[in-house]
There are 2 protein chains.
Amino acid sequence: MLDLMAEAEPLNPARRRAPRADAVRNREAIVEAAAEVLAEQGAAVDVREIARRSGVGMGTLYRHFPKKEDLVRTVLRRDFSQWAESARLAAVDAEDPWAALADFYQQALTGYARHRAIVENLALTWAEPDLEGIQQLRRVIERLCARATAAGLLRPGVTTDDLLLLLISLGHAVQLTDECRPHLWTRLLHISLDGLRPGHRAPLPADPDQPR
Amino acid sequence: MLDLMAEAEPLNPARRRAPRADAVRNREAIVEAAAEVLAEQGAAVDVREIARRSGVGMGTLYRHFPKKEDLVRTVLRRDFSQWAESARLAAVDAEDPWAALADFYQQALTGYARHRAIVENLALTWAEPDLEGIQQLRRVIERLCARATAAGLLRPGVTTDDLLLLLISLGHAVQLTDECRPHLWTRLLHISLDGLRPGHRAPLPADPDQPR
DNA sequence: CTTTATCCGGAGCACTTGCTCCTGTTAAAA
DNA sequence: TTTTAACAGGAGCAAGTGCTCCGGATAAAG
């Protein structure tokens, strides 16, 4: 393979010039500004606000991201991965499977608090589970669930879906309370986690969609 | 006091004619249609859609309700009260304080499921607790909380705020899952309720905003 | 340096949505 | 029945928002 087409897109028959330096700078500035704004105000923000804050015109923004949703997804992919990864790391530090689960929730919800767009998207994701990112998170939770169940530390019958829905649900509580009374959602987390421990008098009602 | 002004607004010095029959009919039709639409699509709905569905022109709608929010609040007051009351009734039927609490949540969340605007408003209400309706709900929960605590059936330290936030948080889960997998939120409710029972190894972290 | 393909940026378009205005209509008083 | 004040209803206005267009600027090739 000749090196003259090694650095560009190998699939494109037409030779593409390298992107201009200012274009690269601008693209980064746009993503950075969009990440800020999305975290603050959620996905309903005006595109002009993103352009303004990144010091770039509308034309520039729309050349890099032809649809607003392209930009939103780019930012979300980035932030979502980073968020899930840091929650995962918090979990693997703990040797006790139960502590791992608790640390995961604590870390995930803390990171949640300041990113409105992630909350919106995670909830939306429930209806569209094929979205990348949710799968990543699912795998983390699946593993935590399996570990805790194997150790007998998790209530029998608790599924990955239960834990995921709990995360989304608590995420909503976090968003409501974190600014004014952050202790409230912490208390709710404790209550929910205790409900996940084994030893309760009645088994959970079955989930017919979960063969097992 | 003479009876000639007894049926109108006594505070208004100008004599007001009785409202026309068609105006009364229209007002009711508007409220009815708005309730439907708000339940289906939430408060972000187009006013034209409400006008269309109630068979009334924009002018008529806006004479009865000068701002969209006036209409929304009217509907919300009606539906919210009715919803909270039916949840309260489900609770007083049970003699056991714990069953009362469980029945309350079950009933409230079931009614929740099909009313998007109530969910939105209840969450919004957290930031603006003076809103009427939330107080009504608070009192119901306060009473349930006191009863269960007095009977020793509720985990020590659980507050009305905890129970209210749990309701809002679960409400979000209900909205996400009720259409496709309604069993999921029921399971989450069971888990949370079990976390509210006494007998857990660690006390809840204190809420500094809750003097006690 | 010159050339030119690429890029920049904001004015402006198309559409939505909350709300108003105005003309013809109708219920209720005289 | 006649009169008249209230009402009905849709066209239209103003503001917001996603997106496009095109003249001017500029980085990279020759």
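Source: prediction; values computed, not measured. Below, chain A is the first sequence line, B the second, and so on; all start at residue 1.
Remark: C1' of D:dA8 and NE2 of B:His64 are 9 Å apart, rounded to the nearest angstrom. In this structure, CE of A:Met58 is placed 9 Å from C1' of D:dT17, rounded to the nearest angstrom. What separates CG of B:Leu71 from P of C:dG18 is a distance of 11 Å, to the nearest Å. D:dG18 atom P lies 14 Å from atom CG of A:Asp70, rounded to whole Å. Here C:dC8 presents its P atom at 12 Å from CZ of A:Arg27, a figure rounded to the nearest Å. Atom-to-atom, CZ of A:Arg63 to P of C:dA5 comes out at 16 Å; the value is rounded to the nearest Å. Look at CG on B:Asp22: it is 15 Å from P on C:dT25, rounded to the nearest Å. Summarising the geometry, the separation between CZ on B:Arg52 and P on D:dA8 is reported as 19 Å, rounded to the nearest angstrom.
Look at A:Thr60 and you'll find a side-chain N or O under 4.0 angstrom from OP1 or OP2 of C:dG9. Proximity of A:Arg20 to the phosphate of D:dT26: no side-chain N or O atom is located under 4.0 Å from OP1 or OP2. Contact annotation: A:Tyr62 side-chain N/O to D:dT20 OP1/OP2 distance is not under 4.0 Å. Taking side-chain N and O atoms only, B:Asn26 has a distance below 4.0 Å to OP1 or OP2 of D:dA8.
Using a 4.0 Å heavy-atom cutoff across all strands shown, B:Ala21 reaches sugar-phosphate atoms only and no base atom.
Side-chain contact check for B:His115 and B:Asp79: at least one donor-acceptor pair (N or O, by modelled atom type) lies under 3.5 Å.
Ion pairing between A:Arg138 and A:Asp161 holds under the 4.0 Å rule for side-chain N and carboxylate O.
Counting only distance, with no hydrogens or angles, the side chain of B:Asp103 and the backbone of B:Ala100 share no donor-acceptor pair below 3.5 Å. Without hydrogens or angle criteria, B:Trp83 side chain to B:Ala108 main chain gives a donor-acceptor distance under 3.5 Å.
Put simply, the side chain of B:Pro208 reaches to within 4.5 Å of the side chain of A:His183, judged on heavy atoms.
Between atom CD of residue B:Glu36 and atom CD of residue B:Glu40 there is a gap of 6.0 Å, rounded to the nearest 0.5 Å. Note that CG of B:Leu153 and CG of B:Leu101 are 9.5 Å apart. Values are rounded to the nearest 0.5 Å.
Looking at which nucleotide of DNA chain C each of B:Lys68 and A:Ala23 is closest to, the 5′-most match is held by A:Ala23. Residue order along DNA chain C, read from the 5' end via each residue's closest nucleotide, puts A:Gly57 first among A:Gly57 and B:Arg25.
Near DNA chain C, meaning a heavy atom under 4.0 Å from it, residues 28-50 of chain A has A:Arg48 in order of number.
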